[in-house]
Amino acid sequence: MKAIFSLLMVLALVVIATVGAGAAKMQTIFAYCIPGTAFIIFVVGFVCKIISWAKSPVPFRIPTTGGQQQTLDWIPQNKWDNPSTGPQTFIRMALEVLTFRSLFRNTKVVLKHDDGKNPIVAYVSAKWLWLFAILFHYGFFIVIVRHMRLFMQPVPAPIAFLDWSDSILQILTPSIYISDLLILGGLTMLLARRFTDAKVRYISLVNDYFPLFLILGIALSGVYMRYVAKVDIMSIKDVVMGLVTFNYKVPAGVDVSFFVHLFLVSTLLVYFPFSKLMHMGGVFLSPTRNMPNDTRMVHYENVWNNPAIKPHSYEAYEDEFREPMFEAGLPLEKTPEDAA
Ligand code: HEM
């Protein structure tokens, strides 16, 4: 039901843009007003969210670690999983962001049987999620960088080179982009995982299906524009340059699929800061990842401690309650006799 509801919402967005920019001829609204407003909501929403996270107190060092922490010289430290310095933590973060290293260790619970055929719960490696996620994210990233050719005149050489190498397969006319296959393949498999794995399906919400369908809608409408409708890219570039140069004029002959594509992108921009997609910015602020594990080397004072609340050590606590604790038979560090 949640998946169908999300799909219907995306289809409704497609209908709104088709009718609005096609039959109702509200092209200026769909080309400039809606994307412009969506972009402002995205930037302001993104920045506010990051500021609110950056201001949240992190009173303790709470890195999630794996492997050996720094200790005696002759015991090798696992520097990337259990970093103790800033540079080591930087490498850990870079590996996390660029290669999704923690997802590579993803496990799933399965029921196995021992020699006596008794069922036992086991955790086995599940690398598929990592693979689907990598395909999708890198596909998405390359598509976005390549799109910059629509916003710039002349097109910078690195973007032109990326465009050339991405279409190096030279299949079909216009040539298929490898990143289109990556993004569509990754999205399809991420969706299929939610449909086929009963445990994942059980915990999936509209907030999980909707972004997948929405991004799939964006990618499919883009693919439709390029390979099926074979839209006039020069007139579209005029529209896009108008967005960037504040010259709002829609030339005749722009295919309606462009407005559908742009409307879905605008929806994504508005939805982004309020959704789980904010992990894109949040990962950098995650205290379980961005802190070195140096609690045995450095003493931390919680800067948010209320000075009015005085610390109460166990020693002082025992001094206060030694007699009743002794009478109740509780273990003590110092008996009343020792303390006397
Ligand atoms: C989340 C952002 C976006 C995603 C994921 C996306 C995705 C795609 C994909 C997968 C294609 C197929 C061909 C290709 O890969 O180039 C495409 C084509 C296209 N997109 Fe986007 N797009 C996005 C944003 C935009 C924006 C903001 C614009 C313009 C303002 C735009 C304009 C176009 C155009 C004109 C094409 C056809 C390109 C051609 O014929 O070569 N897209 N898009």
Side-chain angles (χ1 to χ4, degrees), residues 10 13-14 17 21 27-43 46 135-153 155 159-160 162-188 190 210-251 253-273 275 277-278 280:
V10 175
L13 293 170
V14 173
Q27 295 184 338
T28 313
I29 293 179
F30 279 87
Y32 296 118
C33 305
I34 295 174
T37 315
F39 184 71
I40 294 169
I41 294 175
F42 171 74
V43 173
F46 196 101
L135 291 181
F136 162 67
H137 283 85
Y138 272 98
F140 195 108
F141 177 71
I142 296 168
V143 169
I144 299 294
V145 175
R146 242 187 331 88
H147 268 57
M148 290 306 130
R149 81 191 194 286
L150 298 170
F151 295 86
M152 293 174 191
Q153 192 60 32
V155 178
I159 293 179
L162 182 68
D163 198 276
W164 172 81
S165 45
D166 197 9
S167 54
I168 203 151
L169 290 182
Q170 302 268 320
I171 305 171
L172 292 184
T173 319
S175 185
I176 281 191
Y177 286 124
I178 301 168
S179 54
D180 286 358
L181 301 176
L182 294 183
I183 190 172
L184 287 176
L187 279 168
T188 310
L190 286 171
F210 179 68
L212 285 174
F213 279 121
L214 183 60
I215 298 171
L216 193 60
I218 294 173
L220 286 176
S221 56
V223 163
Y224 173 84
M225 268 196 287
R226 180 172 165 86
Y227 305 104
V228 183
K230 304 204 171 150
V231 292
D232 172 15
I233 203 75
M234 288 328 285
S235 55
I236 288 183
K237 186 149 182 174
D238 282 349
V239 179
V240 179
M241 290 309 288
L243 250 177
V244 186
T245 56
F246 305 107
N247 176 21
Y248 307 131
K249 212 167 69 227
V250 183
V254 176
D255 194 81
V256 77
S257 53
F258 170 69
F259 297 101
V260 172
H261 190 63
L262 202 52
F263 188 57
L264 295 180
V265 173
S266 306
T267 310
L268 183 69
L269 288 177
V270 173
Y271 176 72
F272 200 101
S275 72
L277 303 177
M278 271 305 290
M280 176 181 145

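Counting starts at 1 for both ligands and their atoms, following the listed order.
Shortest contact from atom 7 (C) of ligand 1 to any protein heavy atom: V143 CG1, 3.5 Å. Closest protein heavy atom to atom 2 (C) of ligand 1: I144 CD1, 3.4 Å. At the top of the distance list for atom 30 (C) of ligand 1, counting protein heavy atoms only, stands L262 CD1, 3.4 Å. Scanning the protein for heavy atoms near atom 5 (C) of ligand 1, the closest one is I218 CG2, 3.7 Å. Atom 25 (C) of ligand 1 has H147 CD2, 3.3 Å as its closest protein atom, hydrogens excluded (heavy atom only). At the top of the distance list for atom 16 (O) of ligand 1, counting protein heavy atoms only, stands R146 NH1, 2.8 Å. Scanning the protein heavy atoms around atom 34 (C) of ligand 1, the nearest turns out to be M225 CE, 3.6 Å. Nearest protein neighbour of atom 10 (C) of ligand 1, counting heavy atoms only, is D180 OD1, 3.6 Å.
With a heavy-atom cut-off of 4.0 Å, L184 does not touch ligand 1 at all. Contacts with ligand 1 closer than 4.0 Å are made by side-chain heavy atoms of L150 only, the backbone lying farther away.
Heavy atoms of R149 approach ligand 1 to within less than 4.0 angstrom.
Counting heavy atoms of neighbouring residues, nucleotides and ligands inside a 6.0 Å radius, atom CZ of F141 does not exceed 12 of them.
V240 has its side chain within reach of F258: a pair of non-hydrogen atoms, C-beta onward, lies under 4.5 Å apart. No side-chain heavy atom of V254 sits less than 4.5 Å from a side-chain heavy atom of D232.
Close approach of ligand 1 to L268 (heavy-atom distance below 4.0 Å) involves ligand atoms 1 (C). For ligand 1 and I233, the ligand atoms under 4.0 Å from any heavy atom of the residue are 35 (C), 38 (C), 39 (C), 40 (O). Annotation for ligand 1: atoms under 4.0 Å from non-hydrogen atoms of V240 are 29 (C), 30 (C).
Under a 3.5 Å cut-off, the side chain of Y32 and the backbone N or O of K249 do form a donor-acceptor pair. Between the H261 side chain and the S257 main chain, no donor and acceptor come within less than 3.5 Å of each other. Looking only at distances, no side-chain donor or acceptor of Y177 sits under 3.5 Å from a matching main-chain atom of L182. Judged by distance alone, with hydrogens and angles left aside, the side-chain atoms of K230 form no donor-acceptor pair with the main-chain N or O of P174 at under 3.5 Å.
Of the listed residues (I236, D166, I142), the one carrying the non-hydrogen atom nearest atom 35 (C) of ligand 1 is I236. Nearest residue to atom 27 (C) of ligand 1 from F151, F272, Y227, F258 is F151 (criterion: closest heavy atom).
Residue contacts with ligand 1: Y177 is placed with no nitrogen or oxygen under 3.5 Å of a nitrogen or oxygen of the ligand (distance criterion only).
Judged by distance alone, the side chains of N247 and T245 never bring a donor and an acceptor atom under 3.5 Å apart. For S235 and D238, the side-chain atoms include no donor-acceptor pair closer than 3.5 Å.
The two residues I159 and R146 make their nearest non-hydrogen contact at CG2-O, 4.0 Å. In terms of heavy-atom proximity, L277 sits nearest to F272 at O-CZ, 3.3 Å.
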